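Single-structure report; data block below.
A note on names: the letters A, B, ... follow the listed sequences, proteins ahead of strands, and every chain is numbered from 1. All values derive from a computational prediction rather than experimental measurement.
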Amino acid sequence: MASFIIRRLGQALVVLLVMSMLVFAGVFVIGNPVDVLISPDATQEIRRQVIAQYGLDLPLWDQYLHFLRRLLSGDLGTSFVFNMQVGTLIAQKLPATLELTLIAVLFASAVGVPLGIYAGYRPDSIAARVIMAVSVLGFSVPTFWIGLMLIMVFAVQLGILPAGGRGETRTLFGVPFSFLTADGWAHLILPALNLSLFKMSMMCRLAASGTREVMLTDTIKFARAAGISEATILRRHVLKLISIPLVTVFGLELGSTLAFALVTETIFSWPGLGKLIVDSITSLDRPVMVAYLMLVSALFVVINLCVDLAYVVLDPRLRHGRR
Amino acid sequence: MTHLLNVRDLRTWFHTDRGIVRSVDGISFTLERGEVMGLVGESGSGKSITGFSLIGLIDRPGRIEDGSSIRFDGRELVGMEERQLRRIRGKDISMVFQDPMMTLNPVVKIIDQIGMAIRAHEPASDAEVRRRAVEALARVRIVDPAHKVDQYPHEFSGGMRQRVAIAIALLHRPRLVIADEPTTALDVSVQAEILKEVKSLVAEMGTSLIWISHDLATVSSIADSIAVMRRGKIVEAGPVRRVLETPEHPYTQGLLDALPSRSRPGELLASNATEAAGKMDFSGLGGAAIGAPPDPAFVEARGVDKIFLAQAGALRRFAIRCGLARPPVPVRAVSSASLTIARGEILGLVGESGSGKSTLGRILCGITPPTDGRVTVGGAPVMDGNRKHGTKVQMIFQDPFASLDPRRTIFQSVAEGPVVHGFCTRGEARAYVDRWLRAVAFDPALADRYPHQFSGGQRQRIAIARALAMQPEVIICDEPVASLDVSIQAQVINLLMELRRHLNLTLLFISHDLSVVHHLCDRVIVMRHGEIIEEGSAAQIFGAPKEAYTRMLLEAIPRPGFDIARVPGI
Amino acid sequence: MSEARPLQSVSPLAAFWRDFRRNRVAVVALAVVVAIILLAVFAPFVVPQDPYDLKSLVLRDARRPPGYVGRDGMLHLLGTDSQGRDLLSAIVYGLRISLEMGLMAGAIAFAIGAVVGCSAAYLGGRIEALIMRIVDVQLSFPAILLAFVVAAILGQGKGQLILALVFAQYAYFVRTAHGAAAAERQKDYVQAALSVPMGGWFVITRHILPNSLPPLIVVATVQVASAISLEATLSFLGVGLPATEPSLGMLIANGFQYLMSGRYWIAIYPGVALIVLIMAINLTGDQIRDQLNPRLRK
């Protein structure tokens, strides 16, 4: 058990190291960083100064070490566009994205999983067929298009919900959040719904197919032969058995929702990380790109680590060292 | 007094897209209190569906048809409301399933699984549940039950899991237990123990038992009465002794005749399937071994070791070096095994699961390289480094459903080896393959069909033809009859004996089934935990085994309470 | 008792089709996919207007609602876009580009996945461990992010976009092919072929690969559908195709700005076309997957 966690932590570090190399290669080696760091009208003297300052005259591996050292010390550079420390910039935008993502994923799970279990439990019922049909639809419709439709219906046609922005926020632990005010909720609901529909379909389909398979196993047949009620079977057997694949997907989807947030945030002008990265890519704001990619990598590594730990809790076979 | 169970005209049909499948088609029987009935039949006979019908667990599209009647203790179960049925299930009628690896929930503790079964029928406090769970495990002879109840199923062996399942089935002292092939998935020795225990438990509780099995020998050792099923109908029923001694139906007779334990070793078995398949045609076959001089050590293995070592990744190896992680534990599958097989001999290799017999077979065939030691056939090594050398040794596998490529026709499967290795040209392949198919009594006109269109017995014959077409001198048979019904099993055994005689083949026959080995083999080797522990002629091993383990295996062979082999007229 | 003799040779594919036909929804979905592919291939002969032909565009016909009859007497069934293009024609050409991107990316990722995955499973050992580790790490990052970053780095263009899509998706194919091939490799028929002995390449190409195809095909349906959706998303975000290649995503992006002013059709109809295509592919894939799932069989 302890060795399992240590091993996972070690792997996580390796992944992060590899990611830093890839990001370094992707952002600094492709294209000339000098052009990016120095304005074209700078003098030769300033040019040389900056080159020396950023160590661009050093061999590649040395440059990478510099990059790594700055990364570790938290110095992520200065945004060209916003002209402020990237670290501060990201710290400002991160809460909005986390708020949106978490609400979307929780909503998707809370609605998708029960529907999916029902559809898998009674696959031939009409309700199940409707659930599955809707989930295929939700699975197929691109997120950005749903976003447009939500804006058109609720903001333009009905005019009951705002089309963008974060609304009024209230501070909690020194961080502004929308979900603490009514106006914030009004602004939150459309983007969160938009972001969660795809995930909801995913979770629903997964829960449905998992339940359907589990219901056909001898484990369930044996429980029925013992006279155990259907409610107990669903709660104590089925839910436990399908929770393992569900947790994996929950973790993966949390990450993927974080990424998909860039689409939703663009459409709803949600001032979060996703919008920041889209803007920084279009304006070639490389320090922001690097910081974003490293941050997202770190988040994914953490999420995957949590999923692995959740496995250990959920699956006794792993807990006893049988892999 | 009424019967405990009175089944009249039970019909369970499956209404599938492709029409109605009459799995159980009008069977009737009665069962008295305390009676043990054996329900016997080959695969697809409807015996398991009968069991599930009795307990009311037929999945769609299956349905118990109108007009069927199952009276249990005076109450009609057919058409009973689900809520009432559930009150009977587990309390009055319970069931034990075939595969103990699949029945228990892997992520729920044993005590919780037992607790759910208890509370399904009566309220019980946590302390009460614990007390009864420990008691239930003790009843099925699980050592240290007070500690074991808090474990998960994967911490139990297959036999122990089946005991837990039996303990759950007996929790409420039901009046009827339905056991669906409960020992089939277990090793012989475990099988024998469980059989004995169930027998004494039901006798002690006065519970009636329906024991469903494909194995006449097992059933006859436990049952009072027997019902033989075939294609959804009971063809013969009666007291076990009467049915086995003077079977009235030709099908029952055929099943009995096909049992190797009832014939003299080395004789061809009576088999309907053999007759149905037609004659084997050995004309025009080539074979490298025909007329070869005798060689007492034609196949020779010296000091063969096989150690499986889990691969460690770079990070793991680094951690091991720093002492943070333990190095992977090597698994010794075979250790210093040495054996010889004379040309033309059939050597039996016997052992329970995990004994290393299959690994040794694969090493002899040249599929798996040994960690140490060497294997030669006719003086030449079988492997050259990690590559197999030559085609003298071929292999037949256990599962006929897995041993043929589902995407290639029979002809393609049989022809690919001979063409690549130059036994025939692409142009001659058709005629060449036909000859070998005829040798295993398979109609060459069907060679363009795909494996899924054939039965298990047919596929196993095709697999044999594929091995033969490489004109081998040695064939390794890895449990080739283990997954076949008795009559088909007899057919394949007959085929192997005939082929040996005509083609002077040398066979290594790997099996856990001692009665088949006794019938077929000249010499026998017994393996346990990767080591060869006993070796001798078949007569020696079966007549006067030296090792205690061998004796235990022999005693575990299920036998009826009386000696059917000596019944006159059979 | 005589042995059951099948009358005809039924290939596994034929048996599969026999079962597939039973699900009417899936048959309709498959028909829609085929129809859309045909429509895309023969687009120039089907649509009323060539949307690339700038001469035929009349600016005064721009942003007209569905059913509008243009100055040249042409009926615009779905209305016109901001440049006066017939929306129906633009959608059919958009489908053509979307399908092309999805199928190209899917085919390349499929090929990479099949070869790398099967080889890894066959070879085993260190190489297998290394390949699968890379794939696992990549799979923990969402496809949209990978595609977005790669597309942003490579810049706009058809080739670049296909590369970005392949990069985002190949890992799914590798893992599926590896899983299937590793399972097949353990099966007795592969062991039987190895025991003959047959060469490694022969066993991979004749036995392992063909039997690993079904799960790969299921993944392919999902991935082609998602590639089409991804392409639309990237184009919508402005990192996908250039304006000279108006895919469905681009049409929707162009319509976005008119949505607020009530000119809904410019964004909606291309979206509907996109959804019909993606959904038809997904429904077809669903049926294939259910049919191949051994755990749902009795």
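- To the nearest 0.5 Å, atoms NZ (Lys221(A)) and CG (Asp180(B)) are separated by 9.0 Å.
- Shown here is His15(B), whose NE2 atom has more than 12 heavy atoms of other residues, nucleotides or ligands within 6.0 Å.
- In this structure, the separation between CD on Gln113(B) and CZ on Arg236(A) is 9.5 Å, given to the nearest 0.5 Å.
- By number of non-hydrogen pairs under 4.5 angstrom with chain A, the leading residue of Lys109(B), Lys91(B), Glu82(B), Arg89(B) is Arg89(B).
- Contact count versus chain A (heavy atoms, under 4.5 Å) is highest, among Ile93(B), Asp112(B), Val96(B), for Asp112(B).
- Of the atoms belonging to Ile168(B), it is side-chain heavy atoms, and not backbone ones, that fall under 4.5 Å from chain A.
- Rounding to the nearest 0.5 angstrom, the gap separating the CD1 atom in Ile228(A) from the CD1 atom in Ile118(B) is 10.5 Å.
- Once rounded to the nearest 0.5 Å, the distance linking CG of Leu241(A) with CG of Asn105(B) reads 4.0 Å.
- Heavy atoms of Leu171(B) lying under 4.5 Å from chain A are absent altogether.
- A donor-acceptor pair under 3.5 Å is formed between the side chain of His121(B) and the backbone N or O of Ala226(A).
- Taking every heavy atom of both residues into account, Met95(B) and Phe222(A) meet most closely at O-CE1, 3.4 Å.
- Residues Ser243(A) and Val107(B) are not in side-chain contact: their nearest non-hydrogen atoms beyond the backbone lie 4.5 Å or more apart.
- Both the backbone and the side chain of Ser229(A) come within contact range of chain B, with heavy atoms under 4.5 Å apart.
- In this structure, chain B has no heavy atom under 4.5 Å from any part of Ile220(A).
- When Met116(B), Arg83(B), Gln98(B) are compared by the number of non-hydrogen pairs under 4.5 Å with chain A, Met116(B) comes out ahead.
- Checked by atom type and distance alone, the side chain of Thr219(A) pairs as donor or acceptor with a backbone atom of Met102(B) at under 3.5 Å.
- For CZ of Arg131(B), the number of neighbouring non-hydrogen atoms (other residues, nucleotides, ligands) closer than 6.0 Å is greater than 12.
- Using a 4.5 Å cut-off between heavy atoms, Ile55(B) touches chain A through its side chain atoms alone.
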